[in-house]
Structure formats: structure tokens, C-alpha cells
Protein chains: 2
Amino acid sequence: MNIYDIARLAGVSIATVSRVVNDSPKVSEKTKQKVRAVMEEQNYTPNVFARGLGLNSMRTVGIVCPDVSDAYMAESVAYLEKRFRGYGYDCILYCSGYKQESKVNAVQMVLKKKIDALVLVGSHYVGDGSEEEIGYLREAAREVPVFLINGYVRCPGVYCMLSENYQIMYDTVCALTEAGRKRILFLYDSHSYSATQKLLGYEDALRDNGLPMVEELKIFTENKISTVRENLLQRGELNFDAVVATDDGLAVGALKYAMKKQMRIPEDVNIIGFNDSELAVCCEPELTSIDSRRDALCKTAVDSLMLLLEGKSVRHKRSVRCHLIKRGTTNF
Amino acid sequence: MNIYDIARLAGVSIATVSRVVNDSPKVSEKTKQKVRAVMEEQNYTPNVFARGLGLNSMRTVGIVCPDVSDAYMAESVAYLEKRFRGYGYDCILYCSGYKQESKVNAVQMVLKKKIDALVLVGSHYVGDGSEEEIGYLREAAREVPVFLINGYVRCPGVYCMLSENYQIMYDTVCALTEAGRKRILFLYDSHSYSATQKLLGYEDALRDNGLPMVEELKIFTENKISTVRENLLQRGELNFDAVVATDDGLAVGALKYAMKKQMRIPEDVNIIGFNDSELAVCCEPELTSIDSRRDALCKTAVDSLMLLLEGKSVRHKRSVRCHLIKRGTTNF
DNA sequence: ATGAAAGCGCTAACAC
DNA sequence: GTGTTAGCGCTTTCAT
């Protein structure tokens with residue numbers, strides 16, 4: 001059942017059918033009715049490929065993230081998909097993994113699908129920010145508007161929105177030191193732009209508060225509760241009186257370690273997570289965590305891209321403050 | 001840059017270029033080299049829409065689930081996407097929500113994209129199993145092979161794989177009663193096929209062990225830790241000595257309630273969750289949970305659909321046993 | 001307001 | 001082994 005069949009059955013030309021499908025104003029109501037009736041009756045759906053060929057668009061946006069099974073990304077994708085769909089855009093999902101090569105490949109692959117826009121979730125896509133590592137973004141932006149959720153790169157066609165991770169981490173560590181904490185563990189699981197910002201905030205806060213920067217207190221580990229716990233356990237004597245982490249999973253791992261070591265929480269150790277996930281209200285005591293404003297970033301992504309696709313212009317870069325959500329693992 | 005340009009630059013016909021693109025064996029190595037060189041040089045990518053038009057396929061599979069922000073679905077989607085991509089298929093993601101109408105709409109929408117196969121994640125898509133509620137699946141299956149992850153419907157073209165939810169719930173509740181538990185709370189958050197199976201397993205186990213079926217011990221609530229906790233708190237006197245839930249989030253909610261009520265865990269109350277998620281190892285004590293074999297289901301989905309797309313046939317229905325993973329919230 | 005016809009870029013049947 | 005050509009089903013310009 002194609003446009004010719006409908007045209008024949010409705011006694012009009014294919015051009016008219018096409019116009020009806022696209023709700024063109026230059027077709028008489030009467031004709032529209034007639035054609036629509038036939039379409040309904042025949043259960044006609046325009047062929048998207050042919051449509052795509054003609055319009056050079058299938059109203060699709062590409063969503064690329066390292067791994068949807070991660071809670072932050074899953075929530076992001078859920079939000080994005082819903083909003084884009086609300087605008088009539090379908091979403092192609094590509095989970096790229098974390099390696100530079102596979103990220104580049106993912107972006108190239110998804111571009112071949114002639115998507116109308118591309119959104120990259122998480123700050124892994126800017127690599128170390130070097131020209132070499134962001135070259136693929138530059139190229140991508142030549143084809144479609146690209147939005148970086150929680151990443152920043154100065155490049156035409158690449159739009160960005162950041163969480164102020166440096167600032168919140170700086171403020172948080174300052175608060176910890178002001179509350180008398182001296183040995184603050186920093187847990188992280190990636191070298192992404194945002195993780196780096198968090199680390200910088202941590203380091204600067206230590207320095208500005210006259211605390212030494214102890215290398216053994218910066219621990220890189222897989223983001224899995226049991227792994228973090230075991231990892232810490234294996235380190236023997238590891239004294240600390242506070243923990244900040246780049247994700248809740250890491251913080252909970254530390255919490256589990258602290259429990260095992262009979263440390264009192266929050267008296268002996270303050271623990272602070274990141275992303276304010278369901279894990280934070282799941283553990284005991286509940287975890288103080290940082291709201292990274294994921295939805296605010298995602299919202300901006302959708303809003304900006306939709307404006308761009310309508311031919312409007314858009315402000316280039318914005319950022320949003322994060323918030324500390326206090327729960328039982330802190331006492332300041 | 002299209003196939004004509006490449007043909008001209010390489011000094012061959014478009015047919016030859018097309019053959020090279022599709023790696024046809026009936027092109028001489030020499031010609032292939034020549035054409036490939038031009039393609040590389042021009043950075044040529046075949047137009048997917050035109051390709052789709054000709055082949056009536058864009059090598060895409062539709063993945064529909066109620067909500068990717070749910071951990072079970074997120075993990076499923078992550079697995080599916082990865083595997084399908086491994087076979088050269090892209091994935092269109094559609095989050096349908098939980099309402100019948102929106103589920104039907106989602107399936108219809110995604111079918112319009114001329115996907116090559118459709119996978120439905122979670123047992124919400126069979127509704128109550130009535131002909132009326134599964135009609136849309138029948139129609140879908142007329143267009144493409146459909147795979148139901150953890151749902152079952154007898155219908156040509158719809159392939160299914162089930163977790164044995166009834167059995168594991170029956171066994172688990174039996175174990176609880178044998179351990180002397182009398183008032184077992186059943187927490188659920190949906191009326192999906194699988195939730196219903198779990199409920200049946202619970203009810204049958206109670207009956208077979210001579211325990212009364214108390215309506216007030218079957219509680220339907222939103223799957224959010226804090227909500228479950230508040231919900232239970234509001235019920236005043238609610239005596240129970242065990243909890244089984246259709247998802248970990250619900251079980252943790254009950255755990256939080258029990259802690260608040262100063263109940264000892266597992267002495268006073270045994271708690272068992274479902275899906276063995278990260279929440280289970282996050283809470284304290286850690287949650288005994290049921291491994292619903294999500295990956296086994298997803299694996300079968302991919303394997304079956306890929307066989308079908310290669311024109312091979314496939315066994316119709318299979319199921320897989322679930323496993324109880326014991327942790328600190330039980331003592332039997 | 002409607003129709004005829006020329007693309008859009010590719011695949012595949014057919015001819016050589 | 002390679003080229004010619006007719007679709008695939010739609011959009012859109014140009015007539016009328």
C-alpha cells in the first residue's frame with residue numbers, strides 16, 4: 001500500500017496525497033477528508049525510507065552514552081527520549097563504552113544514520129580536551145548540531161551544558177575541613193572531564209585550607225559497591241575521617257568498608273556521594289550526596305537542539321550549580 | 001557526494017560502486033581497490049535512506065520498554081543494544097510508559113520506522129493476556145518478528161522467554177513458612193504478567209502450607225524506597241514477620257520501615273527482594289534477593305531474532321529458573 | 001486547488 | 001567482471 005494506491009483509490013494525484021499527509025494548507029478541506037478516509041480505511045503509513053530520501057531526514061536524534069546500565073545515564077536517556085519523542089523525534093541509542101577509540105567509532109557510526117541531532121551523555125566525550133581527542137566532535141558538528149551533556153569543548157556547532165562540579169566539590173571539602181576533618185578520601189572511577197573537575201575542587205580546597213595533599217587518599221576504583229569495599233579492605237591501614245566520591249556507588253562502597261571497620265558514621269567518618277541516586281536513600285545511614293542537576297542539563301540539551309532544528313539560534317554555554325543534599329552520613 | 005560521483009571519479013559504473021560497497025564477490029580485486037581508494041579519499045558514506053528504500057530495511061531493531069530509568073530495563077537495554085550492534089543492527093529506543101494505550105501507541109509508532117525486529121522488555125506488554133489487550137502484538141508480529149522478554153503470549157511471530165517467577169516465589173514462600181514465618185507481606189508495584197505470577201506463587205505457597213491469605217498483607221505501592229517506607233508507616237499496626245517483594249526497591253522500602261519500627265532483621269523479620277540489583281548490596285543488612293536471570297532472557301532474545309532474520313527458524317517458548325541469593329535479611 | 005513529472009541515492013535484474 | 005536501467009515511495013517544482 002503506497003502513495004499511488006491511495007491516490008488511485010481517492011481519485012486524486014499522488015501530489016495531493018502527499019500534501020494531505022503533510023497537512024499542506026493548499027488542499028481543500030473536502031479533498032483532505034476524502035483522502036484521509038481512504039488512508040484510514042487502507043491503514044496507510046507513508047514509507048519512512050522514501051520520506052527520508054526526499055527530505056534527507058527521518059526525524060531521528062542520536063543519543064550516545066558510554067553505558068546505559070549506569071543509573072545517571074539511564075535517567076538521562078529516559079528524560080531525553082521522552083522529550084525528543086514529544087517533538088516527534090525518534091531516538092537511536094548507541095552505548096559506546098569508555099575507550100576513546102570506541103567513542104569515536106560510536107559517533108561516526110551514528111552519524112551515518114543521518115540523524116538530525118546528536119547528544120552525548122556524560123563528560124567522557126571530551127577526553128583530555130586536546131585537539132586530537134576532540135577532533136571527532138568537530139567533524140560531527142559539521143554534520144549535525146551536537147550537544148554535550150556535562151562536557152565542554154569550544155567548537156562551533158557543539159553546544160554544552162555543565163554541572164558546576166568543581167565548585168560544589170570545592171565547597172563541600174571546605175565544609176568538611178571547617179568541621180575539623182583532616183584526612184579526606186577522594187574516590188573516583190573515571191578520568192572524564194567532570195571527574196577531573198571534581199578532583200581539582202578537592203585538591204584546591206585542601207590546599208586553601210592548609211591540608212596536605214596525600215596521594216594515597218586519592219583512590220581510583222571500579223564503581224561497584226562490593227569492589228570498592230574490597231579494594232579499601234586490601235589497603236591495610238588507611239586512615240581517613242571523611243570521604244568524598246564522584247558517584248554514590250563509590251561512596252556506599254566506602255560506607256560498607258567503614259561499617260566493617262567498626263567506624264562510627266558520621267562521628268568517625270563523614271561520607272558524601274555524588275548524583276543523589278536511589279543508592280543514597282538505600283544505604284544505612286542514608287548517604288549525604290550531591291545533586292548534579294542531571295535533569296537541568298538534559299532539559300537544556302533538548303530545548304537547545306529543538307530550537308536549532310527550527311533554525312533558531314542558541315546561547316552557547318551555560319552551567320548550573322549543584323546542591324549538597326545532607327543525610328545521615330554527615331554531621332556538619 | 002553520492003554513488004554517481006564515486007563512479008565517475010573511479011571510472012566505473014554506479015553498479016560497480018554499489019557492488020564494492022556491498023563487498024560483492026563478482027568484482028575484481030583490482031577494481032575494488034580502485035573504488036575503495038576513491039571512497040576513502042572522498043570520505044564517502046552510502047546514503048542510508050536510499051539504501052533503506054531499496055532494501056526495505058535499515059538494519060534497525062526497535063526496543064520498547066516502559067521506562068529505561070528502571071534498573072532492570074536499563075540493564076536489559078544495555079545488553080540488547082550491545083549484542084544487536086555486534087550484528088550490525090542499530091537500536092531505536094522507545095520508552096512507552098505503563099498505560100495500555102501508550103504501550104499500544106509505542107509499538108505502532110516504532111513499527112512505522114520499518115524496523116527489522118521488535119523486542120519488548122518486561123512483562124507489561126501482555127496486559128491481562130486477553131485477546132483485546134494483545135491484539136496489537138498480533139498485528140505487530142505480522143510485520144516483524146517480535147520478542148517478548150519475560151512475557152508470554154501464544155501468537156505466531158511472537159517469541160517469548162520467561163523467568164520462572166511463579167516457581168521461585170512459591171519455593172521462597174514455602175521456605176519462609178518452613179522457617180516458621182506466619183505473616184508474610186507481599187509487596188508489588190505492577191499488575192504485569194510477571195507480577196501476577198509472583199503473586200500466584202505467593203498465594204499458592206500460603207495455601208499449601210495451611211496459612212491464611214490476608215488481604216492487608218498484599219500491598220501495592222510505587223517502587224521507590226521512601227514511598228514504600230511512608231506507605232507502610234501510614235498503615236498503623238501492620239504485623240508481619242517476613243516480606244517478599246517483586247523488586248528490590250520495594251523490599252528495601254520495607255527494610256527501612258522495619259528499621260524505623262525497631263524490628264530486628266533477620267530475627268524479627270525476613271526480607272526478600274527481586275532482581276538482585278545493586279540496591280541489594282547497598283542496604284544494611286544486605287538484602288536476600290532473587291536473581292531473575294535477566295541476561296539469560298535478553299541473550300535468548302538476541303539469539304532468536306538474529307536466527308530469524310537470517311531466515312532460520314526458532315523454538316517457540318522457553319523459560320529459565322530463577323535463583324535465590326541469600327544475604328543478611330534472611331536466616332533460613 | 002490539483003496534477004505531471006523530475007528528482008532523491010541506492011539495489012538488483014538483465015545484458016553483454 | 002562490468003554497465004545499463006528500471007524501480008523503491010516519497011517530496012517538490014512547475015504548470016494549469
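Keep in mind it's a predicted model, so treat the numbers as computed, not measured. A, B, ... follow the sequence lines: proteins, then strands. Residue 1 opens every chain.
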Are the side chains of A:Ser96 and A:Tyr125 in touch, meaning some heavy atoms are under 4.5 Å apart?
-> yes
Considering just the side-chain nitrogens and oxygens of A:Arg51, establish if one lies under 4.0 Å of OP1 or OP2 belonging to D:dT11.
-> yes
So what does B:Val48 touch, heavy atoms closer than 4.0 Å: a base, only the sugar-phosphate, or nothing?
-> nothing
Considering only side-chain heavy atoms of A:Leu53, which listed nucleotide, D:dG9, C:dT2, D:dC10, is closest?
-> D:dG9
Between B:Arg19 (CZ) and C:dA12 (C1'), how many Å, whole number?
-> 8 Å
Between B:Lys312 and B:Glu310, is there a salt bridge with N-O shorter than 4.0 Å?
-> yes
If we only count heavy atoms from C-beta on, is the A:Phe49 to B:Arg51 side-chain gap below 4.5 Å?
-> no
Picking from C:dA12, C:dA1, C:dA4, which would you name as closest to the side chain of A:Ser28?
-> C:dA1
In terms of the nearest nucleotide of DNA chain D, which residue is placed more toward the 5' end: A:Lys26 or A:Val17?
-> A:Val17
Would you mind checking if B:Arg36 and B:Asp23 are paired as a salt bridge, meaning a charged N to carboxylate O distance below 4.0 Å?
-> yes
With DNA chain D as reference, determine whether A:Pro46 or B:Ile14 sits nearer its 5' end, using the nearest nucleotide of each.
-> B:Ile14
Is the phosphate of D:dT11, meaning OP1 or OP2, less than 4.0 Å from a side-chain N or O of A:Ser18?
-> yes
B:Asn2 side chain N/O closer than 4.0 Å to the phosphate oxygens (OP1, OP2) of C:dG9?
-> yes
Do the side-chain N or O atoms of A:Thr31 get closer than 4.0 angstrom to the phosphate oxygens (OP1, OP2) of C:dT2?
-> yes
Using a 4.0 Å heavy-atom cut-off across all strands, classify A:Asn22 as base, sugar-phosphate, or nothing.
-> sugar-phosphate
Which nucleotide in C:dG3, D:dG3, D:dC10 has an atom nearest any side-chain atom of B:Ser13 | D:dG3
When you measure from the side chain of B:Ala50, which nucleotide among C:dG3, C:dG9, D:dG9 comes out closest?
-> C:dG9
Under 4.0 angstrom, heavy atoms only, what part of the nucleic acid is B:Val21 near: base, sugar-phosphate, or nothing?
-> nothing
Check: C:dC10 base within 3.5 Å donor-acceptor of B:Tyr4 side chain = yes
Would a 4.5 Å heavy-atom cut-off, applied to side chains only, mark B:Val38 and B:Val17 as touching?
-> no
